[in-house]
Chemist: 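Can you keep this structure in mind? I'll have questions shortly.
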Amino acid sequence: MGVNDFKVIVKKENILHNYHYLKKLKNKNIIAVVKANAYGHGIENIVKLLTEEGCDYFAVSREYEAKKILNFQLKNIKILILETIENLDLLKQNSNLEMMVNSLSDLKNILSNGISTKQLHLKIDFGFGRNGILEKEINKLEKIIKEKNLKFKGISTHLFAADYKDMLEIEKKFEDIVNILGKERFEIIHTQNSAGIISVEGKNSTHIRCGTILFGLQEIGYHDPKIKRAFKLCGKILGIKDIKDLKYIGYEKKEAINLGKNNKIAKIRIGYGDGFSKRSENIMSIINNKKFKIVHISMDSSFVAVDESVKVGDEIEIFHDLQEAINHLEVPHYEFLSVINDRIERELI
Ligand SMILES: *Cc1c(COP(=O)(O)O)cnc(C)c1O
């Protein structure tokens, strides 16, 4: 790793603050969702950090991610896979691995493969349309469960960020379904993702199942000011050139690029090969507390229009102002860091 390389620096203290704050706020245990490389914060660092802090439940979306956590060889943790995977042998081989059952046909298939129901969580869907057993299938589900007297590890639903009234309605419907199926059949109950934590009480659930809020990334409109953001994407200025000495910036003729009042070009070592999308051209970066525009992005490096105040070796931060980047890129901020790949080191400080 070169001295000028970019890093995602993650503040340990803020992750731990969020973890303990949420635990206390809801008075429930946490299933820490660490999919997508812990939303870009570095899955290995985060899982190990939270494990040391007493967190023993993690959730991911892919088999690949579950295997990654298994490889950390941590004792006494449970891993819940949120999507249905085909490799059921993996569940048989690892009793600490659990899976969401996302449809009735999945349930039948999984049971016929002899997977223990102690590794399964039923997922009920209320029109989110992504994953889950539908409301209209509950009678069939009830029949299967009662016939075989099945007891599961858990039952869950997804309180997506619809409006408050919808959420309360879903919560009520879910409660009714749990009672129909038999509450005693489920060791744990979990309904709340990050938006659900802030907006509803979750009175019948034993666990919260959250990702973004744990990392301090909050949904617009579901804001808790006590939650702290933890990441900083930063690197150093590698070199500076005077614009009058250049014909091109990257592969672009310099006339094609709007430098504003600035007359110097600083090179930094991050590019779309690192997952820093070319669409990020024209977002602002911060150098010495001043804003400067990133004017060109190539595979391995990018260029920033700067003035006399900027020197080689100065620190530059990208995605400091999330709202500004959201406005410019028109993608949710959860995406910014998640797509930064592992050419960029994650460091806990
Ligand atoms: C991603 C995911 C979560 C976490 O959602 P956040 O909004 O990041 O808290 C919870 N549950 C399921 C099923 C998910 O897929």
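Both ligands and their constituent atoms are indexed starting at 1 by order of listing.
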Chemist: Knowing that exactly one of E317, E315, E347 qualifies, which makes a salt bridge (Lys or Arg N to Asp or Glu O under 4.0 Å) with K7?
Modeler: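 Considering E317, E315, E347, a salt bridge (Lys or Arg N to Asp or Glu O under 4.0 Å) with K7 is found only for E347.
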
Chemist: Assigning hydrophobic clusters by single linkage (Ile, Leu, Val, Met, Phe, Trp, Tyr; side-chain heavy-atom cutoff under 4.5 Å), is I316 placed with I257?
Modeler: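 Looking at the clustering, I257 is in a separate group from I316.
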
Chemist: What residues sit with at least one heavy atom under 4.0 Å from ligand 1?
Modeler: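 For ligand 1, the contacting residues are V33, K35, Y39, L82, K123, R130, H158, N193, S194, R209, C210, G211, T212.
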
Chemist: Determine whether a donor-acceptor pair (N or O, by modelled atom type, separation under 3.5 Å) exists between the side chain of E137 and the backbone of L134.
Modeler: yes

Chemist: Just checking, any donor-acceptor pair under 3.5 angstrom between side chains of D56 and N76?
Modeler: no

Chemist: Membership question, hydrophobic clusters at under 4.5 Å side-chain separation (ILVMFWY): are V295 and V310 in the same one?
Modeler: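 They do not share one cluster, since no chain of ILVMFWY contacts under 4.5 Å joins V310 to V295.
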
Chemist: Throw together a table of side-chain donor-acceptor distances under 3.5 angstrom for residues 148-155, partners on residues two or more places apart or in other chains.
Modeler:
from : atom 1 : to   : atom 2 : distance (Å)
N149 : OD1    : R185 : NH1    : 3.0
K153 : NZ     : E187 : OE2    : 3.0

